[in-house]
Every structure is written in C-alpha cells, then in structure tokens.
2 protein chains.
Amino acid sequence: MATGRNHRPATSRSRGIPEATVARLPLYLRALTALSERSVPTVSSEELASAAGVNSAKLRKDFSYLGSYGTRGVGYDVEYLVYQISRELGLTQDWPVVIVGIGNLGAALANYGGFASRGFRVAALIDADPSLAGKPVAGIPVQHTDELEKIISDNGVSIGVIATPAGAAQQVCDRLVAAGITSILNFAPTVLSVPEGVDVRKVDLSIELQILAFHEQRKAGEDLGGPPGRRPGEGVHPETDTAPPAAPPAAAVTKRPPEPGNDGDLPAVMPA
Amino acid sequence: MATGRNHRPATSRSRGIPEATVARLPLYLRALTALSERSVPTVSSEELASAAGVNSAKLRKDFSYLGSYGTRGVGYDVEYLVYQISRELGLTQDWPVVIVGIGNLGAALANYGGFASRGFRVAALIDADPSLAGKPVAGIPVQHTDELEKIISDNGVSIGVIATPAGAAQQVCDRLVAAGITSILNFAPTVLSVPEGVDVRKVDLSIELQILAFHEQRKAGEDLGGPPGRRPGEGVHPETDTAPPAAPPAAAVTKRPPEPGNDGDLPAVMPA
DNA sequence: CCCTGTGAATAGCTTCACAGCC
DNA sequence: GGCTGTGAAGCTATTCACAGGG
C-alpha cells in the first residue's frame, strides 16, 4: 500500500496559474455559460464577478493569469471567454470517468447532470455487490469490481470517483491507481494514500456541516453577548448537550486558553 | 430578494481561530475518533498529522490556537482532544438540520451516517413534489414545502441543506432564511444571495472534477514534454474534442499569453 | 470617461527552527 | 531525548489604486 504523499507545494501553479485561481475558474465558467445561454454578448468584470459570487478585483486578477482576454472600456466577450476558460481547464475534450460505489451517493453522482454538461462522461459504474451487477443506474449498467482494471484500460479512463464506504476506499483507490488512474475524487471520509503524481480531491459532506456548526455556535454566542457559548438551533428546546469532557491528561492542566473570558474547559451546561 | 453579501473579511477568525484552521478541525476530529475507537490513549503531532493528511507543524500550529492541550515529550491525550475539538466546533450539542430537495442527492444525504455521528440530526426532509409527501426516506417521512416554515420554527432548526435543482435553490434559500435559518449548505450549482449574518457553504460536485481535469491535462502535457497540450484519459481513443473557439471580439486579439510555447488559442486538435 | 490589466500594499497561511518543558 | 508550542521567515492570496487603452 502506498505511503501517502499528496502534498505538492500547495500552490504548484501548474504553469503560473495559482491554485486559488484554478479553483475559481469553474465558477466563472458556470456564470459565463448562463450568460451565454441568455445570449448576452459581453460582460464587465463587475457584473461577472457578482454573478460568480466574488469581487471584481479578484476576478480581473484571475483572468490576468490566463492572458488579456478583455477589452478596456467594454468588458469581456462572453463566448470567447467561455472558450478560453474551458480550454484552460481542459474541458474542450471529453473526460471519461468511472464511479466506484453505487450506493445512494454513487447513484446521485451518476444521475448528476453537471458532469455531462462539462466534458465529463460517466464511462462506467462499478460496485462490489454482485446483486447490483447488470442493473442500470442512470441508464448505465453497474459492473462488478472484478472488471475494474479492464474497464479502466479499455476506456482510457484517468479520473475515478470513489463513493464507497470509508472502509473500502483505500483498497479501491489502490486498484484504481494500479490500473492507471491519476486523478481521484474521493467522497469517502478517509485520507487516501496515493503515490506521487496522483491527484486526490476530497469532498466530505459532514466536514462542511461541521464548519457551519462552528460559525453557528459563534453567532449564538454573540447573541448572548458572551464568547463562544453553546446553544441549539433557534433556542427553542434545549438539545441533548453531550456528556462532560474526558479528564485531562495528568499534566495538560497547564492549559492556557488563548483569550480570557472563556477558559474553554467544561461545557458549562448551556442556557435556556 | 437579498442582494447577496457573503463576503466576510475572508478570515474573520471568529475569536482568533483562523478559517483555515477551522476547516481542518473536522479532519483532526475524524482521525482522533478513529484512534479513540482503537483505544489509543495518546498520539504525537506527527502520528496524528499523518492520519489526518497534513503535516505536523501545521497541526501543532492549529492546536496552538485552541490552547495548549498537549504534553511535551509525550503528545496529546486522544479523548481529551476529541472533546476539546468537538466543543470548539460546537458538536457537543445536537444540531437539527433540514434537507430540502429529496432527489438522488437529498436521499443520499438523508442516509449519510456521517451526520448523525457528529452531532447533526436530520429533523426533516422537505420536497416540493406532493407525490413524495409522507414517503419515508432513510426512515424519515418527506414533508411538503408548504410546511417549511412551520417545520423550522417547531424544531428550532438553524442549519439547512439545499439539494434542489439549481432553479429552485434561491427561492428555497429565501424561504429558509425568512424562516430563521442562519447557516446553509448548498449543493445546488448556483450562487445564493443571502443577507448579512447568514452563512453559506457550497459543495459543487462538478467543480471538483473540473479542478482535477485541469491538473490531469497538465500531466498529459508534461508527459509529452510540452506545455499544456490536451489529450484524453490514457490516450486510448481520441475523444470528441469540442468545436473550435468563438471568434475573439474585434479587439481582444491583442491577447498576450503569459508564457511562450503556448499561444493558447486554437485547440490544435489533439494528438493520438 | 469607462473598464481592463497590473504593480504595490496588505493580509493570511504555511513552514521553519528552536526554546522550553516533560 | 522526545515532542510540544511558537516566534519569525517565507510564501500565497487578496485587495487597493491607478496607469493605460478604447
């Protein structure tokens, strides 16, 4: 099993384009596509930025990495920019992808229209459950895991999506990589170990919720005029605040909370 | 309809904890939970970092924002740290959430175990399709959109998940916000406009794939010794390279590609 | 005068490297 | 000796603000 390196220099700007910019290009593309469908011929950085949910300075800076595709005093030609961004992202070609793990999520992904419309083609659905084999999901018959290597090489697939349970993910990942996959989108809540040269991006649904909870908690705290402080939803009924903390390790009592006003220890059972 | 501001100072460190750190806390928590289940009592920053897929310096720095919860020469007490991070994230309480849009994705989310295990409780499933009403998904009966406001206030819900088609998302969002929701996890491929004070996080499945495609394209280019260059999967069969670009706007021919060796214009139909 | 493109300034994040404590 | 906690350095990203072309 691979010993996990994933960490490229973080901004390995693959030719001068910062990662942060790359991550926003799909956003711009989506906004531009919408404009294009409405036959809008040109758009200013201000308009496009607001449609994409970023600010215009950032957008202009981002575009400046791609080249000078705008016209001063006018704005950007929508169609032209759609093409340039698509090309930059590699979407002017067709990417076959396989989805491994056809549970609820895998099925949702197979049905997701956003793939097909962006140059991605679901080449195969793969699952370990033999009883699923042959059954069509989103019009595509599910194939058994045994076929994995063959499917990948026959279809020249280089992008794999893992939607299996966490326990199976690393094993699936290893097989995908061995079969020639070099980019993986991982929905399983695990850290995948992959050899150098293989890209992994992860989407973890519960992580996003946890981040929201963090901010939500803060809001609740502010409402009450205190620091953190915890409290459920709309404060309607007191939720099951979890049990008190594990005892600190013998020595860690030397703890020193960053800010006063919250000694950050016991949950101080929440107010009504 | 709200005029969309979302943009907090980007690192509005809600009490000194940087956003980047907050975003990693769930990762640490997951790794720690796994260790806890294996009854591992303590862990070093090195071990934990590798389990979480980050480097140890970053992890230590992250923890230093929470306080000094480790023991020099020893490491961190697993249980204690689980508790501290949970508390920091607001997971020592129970967060009721509603999921709106019970299609494939909504159903997948409703079934997703990662929620329940992290202090989130699916309080209700909501869909606009009357024929779904009453049908149980993941053991929870789907309710009609008409009930949305009532459900939210009755359950004191402050976190909503939008898994509707893009077209319905803003409207649903507005209703959620009007009903008192202050945190939204958006799976619809749209930019949502929300008033000040409401948090939105988005998960866009196709964006992640597009980012992978970008890097994949680069790899393919490097293989061939050239800059970008495009090419499908394993180069097995030549995929449908999309049609040539839209004509540049009269003036934008003044384009100036950042780097030589790729004048970035025509798709130069890919090599075999 | 409008709007792009971009140096310069600022803010934020990561990594280094080592002091301090166990 | 081992490992945490953290200033300081280095790097990336964002924002500002304005030069410059249409």
Side-chain angles (χ1 to χ4, degrees), chain A residues 6-14 16-25 28 42-50 52-78 80-81 84 248-258, chain B residues 6-14 16-25 28 42-50 52-78 80-81 84 248-258:
Chain A
N6 229 354
H7 312 292
R8 76 175 81 198
T11 294
S12 88
R13 40 180 68 189
S14 299
I17 303 179
E19 270 299 312
T21 294
V22 171
R24 281 187 295 265
L25 292 180
Y28 302 143
T42 60
V43 68
S44 70
S45 64
E46 197 71 57
E47 292 163 331
L48 183 54
S50 111
V54 302
N55 75 47
S56 63
K58 198 185 295 190
L59 177 141
R60 287 200 302 278
K61 191 60 137 183
D62 283 342
F63 286 178
S64 80
Y65 294 114
L66 309 184
S68 297
Y69 294 145
T71 309
R72 291 164 198 243
V74 178
Y76 301 90
D77 179 88
V78 172
Y80 186 59
L81 199 47
Q84 290 299 346
V253 192
T254 327
K255 189 172 4 75
R256 179 247 44 194
Chain B
N6 233 353
H7 311 292
R8 76 176 79 198
T11 293
S12 87
R13 43 181 66 188
S14 300
I17 302 180
E19 269 301 311
T21 294
V22 171
R24 281 187 296 266
L25 292 181
Y28 302 143
T42 60
V43 67
S44 70
S45 63
E46 198 71 58
E47 293 164 329
L48 182 53
S50 112
V54 303
N55 75 46
S56 63
K58 198 186 292 190
L59 177 143
R60 286 199 304 278
K61 191 61 138 183
D62 283 344
F63 286 178
S64 80
Y65 294 114
L66 309 183
S68 298
Y69 295 145
T71 309
R72 289 164 200 241
V74 178
Y76 301 91
D77 179 87
V78 172
Y80 187 59
L81 200 47
Q84 289 300 346
V253 193
T254 327
K255 188 172 6 76
R256 181 246 44 193

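Chain identifiers are assigned alphabetically (A, B, ...) following the order of the sequence lines, protein sequences preceding nucleic acid strands; residue numbering begins at 1 within each chain. The model shown is predicted, which means the values in this text are computed figures rather than measured ones.
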| query | Closest heavy-atom contact between L48(B) and Y28(B)? | reply | CD1-O, 4.4 Å

| query | Just how far, in rounded Å, is P of dG5(D) from CG of L59(B)? | reply | 10 Å

| query | Taking CD from E47(A) and P from dC3(C), how many angstroms apart are they, rounded to a whole number? | reply | 8 Å

| Nearest-angstrom distance from the residue atom CD of E19(A) to P of dT14(C) | 13 Å

| query | Atom CD of E46(A) and atom P of dT15(D): how far apart are they, to the nearest Å? | reply | 13 Å

| message | Starting the side chain at C-beta, find the nucleotide from dT6(D), dT14(C), dT15(D) nearest to S68(B). | response | dT6(D)

Distances for protein N/O vs nucleotides 17-20 of chain C N/O pairs under 3.5 angstrom?
residue : atom : partner : partner atom : Å
dG20(C) : N3   : R72(B)  : NH1          : 3.1

| field | Whichever of T21(A) and V74(B) has its nearest DNA chain D nucleotide further upstream toward 5' | value | V74(B)

| message | Is K61(B) close enough to dG5(D) that one of its side-chain N or O atoms is under 4.0 Å from OP1 or OP2 there? | response | no

| Any T71(B) side-chain N or O less than 4.0 Å from OP1/OP2 of dT4(D) | no

| Presence of Y76(B) side-chain N/O under 4.0 Å of dG5(D) phosphate oxygens OP1/OP2 | yes

| request: Return the minimal non-hydrogen interatomic distance between G16(A) and P18(A), and the atom names on each side. | output: O-CD, 3.3 Å

| said: For dT4(C) and S45(A) - does any side-chain N or O of the residue sit under 4.0 Å from the phosphate oxygens OP1/OP2? | reply: yes

| query | Atom CG of D62(A) and atom C1' of dT15(D): how far apart are they, to the nearest Å? | reply | 12 Å

| field | Phosphate-side-chain proximity, N55(B) and dT14(C), N/O vs OP1/OP2 below 4.0 Å | value | no

| Contacts of R60(B) that satisfy salt bridge (charged side-chain N to carboxylate O under 4.0 Å, His left out) - sequence neighbours left out | none

| query | Between T71(A) (side chain) and V74(A) (backbone), is there a donor-acceptor pair under 3.5 Å? | reply | no

| task | Identify the two heavy atoms, one from L59(A) and one from Y76(A), that lie closest to each other, and give their separation to 0.1 Å. | result | CD2-CE1, 4.3 Å

| said: Among residues at least two apart in sequence or on other chains, which ones pass side chain to side chain contact (heavy atoms under 4.5 Å, CB included) with S50(B)? | reply: none

| task | Flag the pair F63(B) / Y69(B) as yes when their ring centroid distance falls below 6.0 Å, and as no otherwise. | result | no

| query | Taking the side chain of S64(B) as heavy atoms from C-beta outward, which of dG5(C), dA13(D), dG5(D) is closest to it? | reply | dG5(D)

| remark: When rounded to whole Å, the CZ to P distance for the pair R24(B) and dT14(C) reads 4 Å

| request: Whole angstrom is fine here: how far is it from CD1 in I17(B) over to P in dT6(D)? | output: 14 Å

| Could you give the OH-to-P distance, from Y65(A) to dT4(C), as a whole number of Å? | 17 Å

